[in-house]
Amino acid sequence: MTNQVSEFPTERTFRYQHSLPPLPVPSLEGSLAKYLDAVRPFATEEEYQVTAAIVKRFREGIGKDLHQKLLQRARTRRNWLEEWWLNAAYLEMRYPSQLNVNFGGPAPYLEHCWPPTEGVQLQRTSISMWHTLQYWDLLRTERLDPHKAGNVVLDMDQFRMLFCTCKVPGVTKDTIINYFKTESEGPCPSHVVVMCKGRFFSFDAVCDGHILTPPELLRQLTHVKQCCEGEPAGDGVAALTSEERTRWAKAREYLIGIDPANKTILETIQSSLFVVSLDDAKPYATAENYTPVTWEALTGDPTIRWGDKSYNSISFADGTFGSNCDHAPYDAMVLVTQGYYVDQQLKATDGKWKGCETVRPMPLPEELVFTVDDRVRSDVTHAKQQYFETTQDLQVVCYAFTSFGKAAIKQRKLHPDTFIQLALQLAYYRQHGRLGSCYETAMTRRFYHGRTETMRPCTLEAQNWCHTMLLPAASAEAKRKALLLAFNKHNKLMAEAQNGKGFDRHLLGLYLIAKEEGLPMPDLFTDPLYSKSGGGGNFTLSTSLVGYTTVLGAVAPMVHHGYGFFYRIRDDRIVASCTAWKSSPETDAETLFQNLVTSLHEMLHLATTAQL
């Protein structure tokens with residue numbers, strides 16, 4: 001996902017938004033057939049026959065009615081799923097979202113011009129901030145070319161959510177506030193918030209119509225750091241954003257109630273371009289082992305990041321960087337695109353500023369000081385306690401596999417993403433003696449406001465291939481044939497999902513209509529095989545290809561006995577982050593990664609010797 005940036009673009013960033021096709025509703029018969037196919041690897045023959053009968057009753061009865069109502073909804077909306085997805089997947093969830101929903105990850109700069117180095121935190125932060133502000137300006141002026149898959153235009157709406165966006169907690173449901181505007185739409189907030197040692201500071205990143213230069217940003221950051229050095233830490237109000245959502249909503253209401261000025265501070269944070277976190281941690285990651293910085297990005301100090309913010313840029317004391325982002329307003333590819341842009345700019349300039357050193361006169365950063373009392377302090381203490389208990393339970397590994405990458409896989413005429421997914425299935429099968437229900441993100445951005453669909457990599461064909469690979473008597477030819485069948489099935493399902501012909505979001509729509517209309521819940525959704533195969537957000541393996549760039553992220557597992565698995569693919573390497581909960585006796589992320597390495601080698605060997 002490269003950034004096409006034009007000084008005088010022929011196509012403005014958001015020009016195609018109104019001409020994108022609406023999100024289609026798949027056929028009921030097609031979705032139910034695919035669902036039955038997807039549950040088969042997890043069922044005995046008897047269990048499968050029970051589920052098949054349930055599906056038949058659903059198709060001929062209530063399912064038909066629900067489907068007609070869904071088609072009616074789709075006639076009045078260009079994206080029938082959009083509002084439902086936002087609410088069901090994100091805004092109505094009540095568990096703490098900072099660790100369970102947010103994604104975080106390492107910045108790739110340490111691979112080239114910015115290896116871990118003491119004493120350069122603020123200088124590097126000023127340059128990184130400047131490039132990020134340039135990216136904001138590209139979006140403001142619509143000079144970022146629209147993304148395309150071949151000749152197919154992709155929806156760019158999510159890019160409006162990267163800057164000036166924040167989630168706000170509600171007692172029963174959260175909301176998203178977005179202040180971003182393009183230049184043609186009107187003024188847009190241009191201040192940033194810097195967090196340091198539990199304290200908040202804000203300053204405008206634009207002076208007299210021009211973005212602050214790195215020397216000017218450095219002056220502002222230095223002032224913040226000097227204010228905090230040798231002083232007691234702040235009250236750490238930001239930790240409240242890591243709380244269970246209803247508890248945070250009530251704490252926020254109380255915070256506003258004790259002093260109206262607190263509301264103004266909250267609005268300043270919410271509307272800011274992004275948050276810069278000056279973190280004292282020194283992860284010392286390398287291009288082969290990203291684990292320390294990935295861990296810090298996902299689970300670091302909750303008093304210096306705003307968990308509800310669409311973008312927290314984290315600057316570590318050893319000169320490395322990470323990020324932590326709320327997942328609700330956009331999917332990871334938005335931050336990947338921005339991160340890759342900054343990475344390429346840094347690489348082109350060797351991480352240095354070669355422009356004007358003059359610092360214009362401008363106001364120093366303003367400290368934002370919340371009025372707090374004993375109850376707020378108690379709420380903060382409670383938030384930190386639950387956050388640290390949860391983070392201590394999270395296992396994170398993030399390594400580079402450097403034996404081969406995309407080039408070697410494509411040379412053997414195989415799809416690199418499918419290659420990794422099948423290697424993961426084999427790794428899990430080898431480790432756990434069974435297949436794991438698996439979610440892979442499929443992008444639906446070719447449709448208006450499209451986000452994602454579920455692609456389920458754990459197919460009958462994948463199951464058969466994994467079984468064949470572990471049979472001592474199986475010939476290389478048998479393994480090769482099984483592998484090809486698994487590859488073809490995976491590629492077919494992925495193409496269908498990307499073209500609006502997946503089934504998981506369709507089933508979700510039918511479920512939500514039944515729920516909204518107060519109807520008895522159809523048996524299809526209470527059938528044990530529905531959740532056993534991953535339905536209802538119960539996937540054992542929660543996976544996503546982050547892309548073919550230098551940018552990676554990480555997420556917590558979807559279920560307690562599961563794994564989170566993000567990966568990026570380069571010509572010469574595959575970098576993957578894997579997470580698991582330590583309190584689950586079944587899982588171990590380190591072992592899964594080592595099994596993945598074994599699988600990757602076995603697959604390449606098979607593809608090479610069999611001359612696929």
Side-chain angles (χ1 to χ4, degrees), residues 3 5 105-110 113-114 117 119-140 162-165 180 188-196 200-228 268-269 271-279 297 304-306 309-325 334-335 337-360 362-366 551:
N3 289 283
V5 179
Y109 325 136
L110 62 82
C113 57
W114 282 358
T117 308
V120 295
Q121 180 184 25
L122 299 187
Q123 180 198 7
R124 287 182 178 178
T125 305
S126 69
I127 296 171
S128 166
M129 278 181 76
W130 185 80
H131 288 299
T132 301
L133 291 165
Q134 298 304 310
Y135 195 79
W136 164 66
D137 191 55
L138 289 174
L139 288 172
R140 274 274 287 158
L162 177 58
F163 298 108
C164 308
T165 303
F180 175 82
C188 172
S190 56
H191 64 283
V192 293
V193 167
V194 181
M195 298 173 64
C196 183
F200 302 81
F201 298 81
S202 177
F203 64 88
D204 201 322
V206 174
C207 178
D208 297 331
H210 296 284
I211 289 170
L212 270 57
T213 63
E216 290 169 339
L217 291 165
L218 178 59
R219 203 279 299 264
Q220 304 295 62
L221 293 170
T222 302
H223 175 79
V224 170
K225 197 77 171 171
Q226 286 172 345
C227 286
C228 297
T268 301
I269 297 167
S271 61
S272 65
L273 284 168
F274 54 96
V275 167
V276 175
S277 168
L278 297 180
D279 197 317
I304 52 169
R305 56 185 70 182
W306 198 259
K309 196 69 182 146
S310 60
Y311 181 28
N312 291 273
S313 175
I314 306 168
S315 163
F316 295 110
D318 65 354
T320 59
F321 292 82
S323 61
N324 190 287
C325 310
V334 172
L335 195 78
T337 309
Q338 180 270 336
Y340 189 54
Y341 166 84
V342 174
D343 188 45
Q344 296 305 100
Q345 298 299 313
L346 287 172
K347 195 176 278 187
T349 57
D350 200 27
K352 295 183 174 74
W353 169 248
K354 295 167 184 175
C356 178
E357 295 291 332
T358 306
V359 176
R360 293 169 287 173
M362 64 188 69
L364 289 168
E366 175 192 1
V551 182

Can you give me the closest heavy-atom contact between [X] and [Y], atom names plus distance?
X	Y	result
C356	P215	O-CG, 3.5 Å
V206	S190	CG2-CB, 3.8 Å
L162	T165	N-OG1, 4.4 Å
P363	R219	O-NH2, 4.5 Å
R140	C188	NH1-CB, 3.5 Å
S126	P214	CB-O, 3.4 Å

Would you say [X] and [Y] make side-chain contact, with heavy atoms under 4.5 Å?
X	Y	answer
L346	W114	yes
W353	L218	no
T132	Q338	yes
L273	H191	no
N312	I304	no
Y109	K347	no
Q220	V194	no
S315	S128	no

For the [atom1] atom of [X] and the [atom2] atom of [Y], what is their distance to the nearest 0.5 Å?
X	Y	atom1	atom2	value
K309	S272	NZ	OG	3.5 Å
M195	I269	CE	CD1	6.5 Å
T349	I127	OG1	CD1	7.0 Å
I314	T320	CD1	OG1	10.0 Å
N324	S310	CG	OG	11.5 Å
R360	L212	CZ	CG	5.5 Å

Would L133 and L217 count as a side chain to side chain contact (heavy atoms under 4.5 Å, CB included) here? Give the steps.
CA-CA 11 Å; L133 291 165; L217 291 165; 4.1 Å; yes

Taking it one step at a time, do M362 and E216 satisfy side chain to side chain contact (heavy atoms under 4.5 Å, CB included)?
CA-CA 9 Å; M362 64 188 69; E216 290 169 339; 3.6 Å; yes

Would you call the rings of Y341 and Y135 parallel, tilted or perpendicular, where under 30° means parallel and over 60° means perpendicular?
tilted

Parallel, tilted or perpendicular: ring planes of Y311 versus F163, cut at 30 and 60 degrees
perpendicular

Examine distances only and state if a side-chain atom of R305 and a backbone atom of A297 form a donor-acceptor pair shorter than 3.5 Å.
yes

Step through it carefully: locate the ring centre of W136, locate the ring centre of F274, and say whether they are under 6.0 Å apart.
no

